[in-house]
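Values reported hereafter were calculated over all heavy atoms of this structure, with side chains retained and with hydrogens, waters and symmetry mates removed. The chains referred to below are lettered A, B, ... by the order of the sequence lines, with proteins before strands, and numbering in each begins at 1. Because the structure is a prediction, the values reported are computed rather than measured.
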Amino acid sequence: MKEHIAELIGSAIDTLKQQEVLPADLTPRIMVENTKDKAHGDFATNIALMLAKPAGCAPRDLAQKLVDALPESQNVTQVDIAGPGFINFFASAATITAVVGKVLSEKDQYGLSQVGQKQKIQVEFVSANPTGPLHVGHGRGAAYGATVSDLLAAAGFDVHREYYVNDAGRQMDILATSVWLRYLESNGESFDFPSNGYKGDYIRDIAAKVQAQFETSLVKAAADVFAGVPADEPQGGDKEAHIDGLIAQAKALLGAEGYEQVFDIALEDIRGDIENDLGEFGVKYEEWFSERSLTRGGDVETALKKLTDAGHIYEENGAQWFRSTAFGDDKDRCVVRDNGMTTYFASDIAYMHNKFERGFDKVLYLFGADHHGYLPRLKAVCQALGYPLDKLDFRLVQFAILYRGSERVQMSTRSGSFVTLRELRDEVGNDAARFFYVSRKSDQHMGFDLDLAKSQSKDNPVYYIQYAHARACSVMRKLPEHGWSFDQAAGLAALEKLDSDYEKDLMVALARYPEVLESCALNYEPHVMAQYLKDLASDFHSCYNALKVLEDDAQIRNARLALGEAVRQVLANGLQLLGVSAPEEM
RNA sequence: GCGCCUAUAGCUCAACCGGAUAGAGCAACGGCCUUCUAAGCCGUAGGUUGCAGGUUCGAGUCCUGCUGGGCGCGCCA
């Protein structure tokens with residue numbers, strides 16, 4: 001309908017151009033909005049306000065000329081000029097009721113868009129280091145990424161969801177060594193556990209798996225393990241040097257093969273656990289992309305060579321640097337250390353190169369807010385590799401600040417004192433957690449009160465929407481008790497009998513769904529969908545309380561059933577996109 | 001010190017890429033179940049959109065400065 005009105009206005013503008021009221025070279029962006037106030041009709045445009053200056057006349061005068069030039073339309077019953085020069089359109093009853101039949105025939109396809117034109121978009125999100133279970137902070141990124149991905153798919157994009165597994169590097173070594181030390185403990189060795197090691201209980205669980213698979217074959221005496229290792233912090237030493245010393249000892253005593261066995265058990269256990277956790281949360285990936293595969297497959301080398309050949313790499317102090325300052329970054333970035341090891345950033349370069357090589361039209365990074373400092377260097381990489389910047393998109397997801405009541409919860413992965421995503425899901429439920437996470441704008445800081453979220457009650461807005469859905473189902477279930485059944489054709493034929501504001505509001509809301517979906521997808525803003533569903537549910541609850549569906553009058557009854565079913569369908573479609581279930585009864 | 005994000009009702013958050021009287025929920029107060037699920041509905045109250053300027057027909061939205069909060073600035077990952 002908005003498109004239709006925009007066409008009418010476009011036609012009027014063309015007419016005015018011919019009459020030389022408007023300059024011929026004008027190509028205005030015609031904006032048609034839903035009105036907030038019923039007195040302003042159903043749709044409004046501010047076009048006269050925007051074109052007043054180029055036309056050289058007062059907004060209201062121009063509005064009048066535009067209205068005079070508007071073509072006739074069966075869909076429009078009245079056009080007003082209001083306020084400073086808005087043009088308000090009143091839609092015909094048939095135009096408004098048409099959406100009900102459309103929803104009922106398209107069902108779960110209603111609202112899907114082809115705006116993405118099957119463009120291939122790669123979405124990377126969560127990508128937390130596989131050094132422990134996900135905590136509630138990761139949950140927001142997971143829910144946001146999954147919903148944005150699903151919205152993009154619904155908008156006609158070919159979406160490839162990806163989790164980048166940081167399975168290389170020092171943190172993983174610390175993890176593997178922590179597991180091995182716990183394994184030694186359980187085999188009777190005693191020593192002070194390194195202060196910088198991973199201390200969560202899950203480390204012992206993994207150690208038990210090492211035990212089950214290798215029994216005592218990987219046991220070494222504690223005295224040998226700690227021989228020559230720098231002192232730990234509590235003993236007046238340096239905790240970093242201490243843990244690095246232990247890692248070196250683990251590699252030396254176990255040999256490359258033995259060390260990798262422990263390492264791989266730890267990695268696969270935690271990565272698999274994360275995959276299960278996210279899977280239960282309704283968050284699925286097309287691909288779990290291994291960082292190690294970039295190093296081992298020569299991708300890092302290839303990407304760095306490409307940058308070197310293009311003259312973006314230089315050597316200094318025995319290390320190699322990427323000249324990211326040439327593309328607006330604060331400082332140049334090291335890619336190969338003086339000891340010959342490539343940096344984490346070198347892997348990032350290779351990964352981006354790899355993404356582009358795979359032919360994605362768009363590459364979307366969803367980061368936690370603490371990674372915002374990476375944007376300039378990643379944009380630099382994109383340009384240095386010779387790809388246009390508009391292929392790249394970033395969204396930062398702000399942290400959820402945790403509270404227990406009014407008290408702030410401090411979190412640290414290393415110390416093991418975090419609230420896990422799994423704990424949250426167990427206590428709040430997947431539906432409430434998914435909904436809560438995406439109901440705020442992603443770049444907005446979010447206060448997450450655990451006590452409130454765990455309260456399992458009315459405070460969780462998701463129930464409000466689910467209840468509306470369940471109510472619509474409930475009415476349908478009641479039909480047989482009265483000896484009735486739903487006659488859809490009769491209902492659709494009688495829609496014009498639904499002339500209350502309650503019913504009209506509902507139909508207008510239903511008609512908005514496709515544009516809400518499209519806008520959410522293109523702007524990566526799932527919270528707008530959450531908001532929309534709350535509004536739709538609210539309209540439905542109001543209508544439900546004001547008007548009885550199961551009337552004796554068969555025409556009205558079937559018409560209201562048709563409307564109710566259409567609302568139910570749209571609620572179900574929207575909830576599905578948010579990863580929230582749509583229960584038939586509560 | 002430099003950079004990014006942010007500031008809207010007592011609390012948690014919206015406001016459709018500059019539009020009409022800034023909206024919901026929770027908390028507070030008052031009504032509505034012998035009628036389709038009261039996890040609901042209706043009503044009342046609550047605001048100088050952090051502060052000060054600027055841009056224009058028009059600013060919560062855009063620009064500048066200031067203040068408060070979050071985060072980031074390694075040959076770490």
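Contact annotation for Ala468(A): no contact, since no heavy-atom pair falls under 4.0 Å across all strands. Contacts of His371(A) with the nucleic acid, taken as non-hydrogen atoms under 4.0 Å apart, are absent. Ala168(A) comes within 4.0 angstrom of the backbone, heavy atoms only, and of no base. Heavy atoms of Asn317(A) sit under 4.0 angstrom from at least one base atom. Across all strands shown, Ala319(A) has heavy atoms under 4.0 Å from base atoms, whether or not it also approaches the sugar-phosphate.
Between Gly318(A) and Arg512(A), the residue whose closest nucleotide on RNA chain B is further toward the 5' end is Arg512(A).
In this structure, of C13(B), C17(B), C4(B), it is C4(B) that holds the atom nearest to the side chain of His372(A). Here the side chain of His40(A) is nearest to one of C5(B), C36(B), A20(B), namely A20(B). The nucleotide whose nearest atom lies closest to any side-chain atom of Tyr464(A) is, among A20(B), C17(B), C41(B), C41(B). Distances were taken from every side-chain heavy atom of Asp370(A) (C-beta onward) to each of U21(B), G72(B), C75(B); the shortest belongs to G72(B). Closest to the side chain of Asp443(A), from the set G18(B), C5(B), C36(B), is C5(B).
With both ends at atom C1', the span from G25(B) to U61(B) equals 23 Å, rounded to whole Å. Rounded to whole Å, the separation between the P atoms of A15(B) and U34(B) comes to 41 Å. Taking atom C1' in both G10(B) and U67(B), the straight-line distance is 23 Å, to the nearest Å. A7(B) and A52(B) have their C1' atoms separated by 16 Å, given to the nearest Å. Nucleotides G43(B) and U35(B) place their C1' atoms 22 Å apart, quoted to the nearest Å. Separation of the C1' atoms belonging to U48(B) and U12(B) is 23 Å when rounded to the nearest angstrom. With both ends at atom P, the span from A28(B) to G70(B) equals 30 Å, rounded to whole Å.
Within residues 529-556 of chain A, the residues that have a heavy atom under 4.0 Å from RNA chain B are, in order of number, Gln531(A), His541(A), Ser542(A), Tyr544(A), Asn545(A), Leu547(A), Lys548(A), Val549(A), Leu550(A). Within a heavy-atom distance below 4.0 Å of RNA chain B, the residues of residues 329-345 of chain A found are Lys331(A), Cys334(A), Arg337(A), Asp338(A), Tyr344(A).
Using a cut-off of 4.0 Å between Lys/Arg side-chain N and Asp/Glu carboxylate O, Glu503(A) and Arg560(A) are scored as salt-bridged. The existence of a salt bridge linking Arg557(A) and Asp553(A) is excluded, since no basic side-chain nitrogen approaches an acidic carboxylate oxygen closer than 4.0 Å. Using a cutoff of 4.0 Å between basic side-chain nitrogens and carboxylate oxygens, Lys251(A) and Asp173(A) are scored as salt-bridged. In this structure, Lys441(A) does not pair ionically with Glu525(A), as no charged nitrogen and carboxylate oxygen lie closer than 4.0 Å. The existence of a salt bridge linking Glu481(A) and Lys478(A) is confirmed by a sub-4.0 Å separation between a basic side-chain nitrogen and an acidic carboxylate oxygen. Salt bridge present: Lys362(A) and Asp393(A) bring a charged side-chain N and a carboxylate O closer than 4.0 Å. Using a 4.0 Å cut-off between charged nitrogen and carboxylate oxygen, Arg395(A) and Asp443(A) do not count as a salt-bridge pair.
One distance of note links OG of Ser324(A) with CG of Asp330(A); it measures 8.5 Å at 0.5 Å rounding.
For Tyr351(A) and Tyr164(A), the ring centers sit closer than 6.0 Å to each other.
Taking the ring axis of Trp288(A) as reference, the NZ or CZ atom of Arg271(A) stays within 45° of it and closer than 6.0 Å to the ring centre.
Helical stems in RNA chain B, defined as runs of 3 or more consecutive Watson-Crick or G-U wobble pairs with donor-acceptor distances under 3.5 Å: B:1-7 with B:67-73, B:10-13 with B:23-26, B:28-32 with B:40-44, B:50-54 with B:62-66.
The distance between atom CZ of Phe394(A) and atom P of C4(B), rounded to the nearest whole Å, is 15 Å. To the nearest angstrom, C1' of C76(B) lies 11 Å from CZ of Arg377(A).
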### Task
Report the C-alpha distance between His541(A) and Tyr464(A) in whole Å, list the side-chain angles of each, state the deciding distance to 0.1 Å, and finish with yes or no for ring-ring contact (aromatic ring centres under 6.0 Å, His included).
CA-CA 9 Å; His541(A) 284 310; Tyr464(A) 183 80; 4.7 Å; yes
Protein and nucleotides 55-60 of chain B: nitrogen or oxygen contacts under 3.5 angstrom:
from	atom 1	to	atom 2	distance (Å)
C57(B)	OP1	Lys53(A)	NZ	3.1

Polar atom pairs (N or O), protein with nucleotides 8-11 of chain B, under 3.5 Å:
none

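For C33(B), the base adopts the syn conformation, since its glycosidic angle falls within 90 degrees of zero.
Residues Val381(A) and Phe345(A) form a side-chain contact, since some pair of their non-hydrogen atoms from C-beta on lies under 4.5 Å apart.
With sequence neighbours left out, Asp348(A) forms a salt bridge (charged side-chain N to carboxylate O under 4.0 Å, His left out) with no residue at all.
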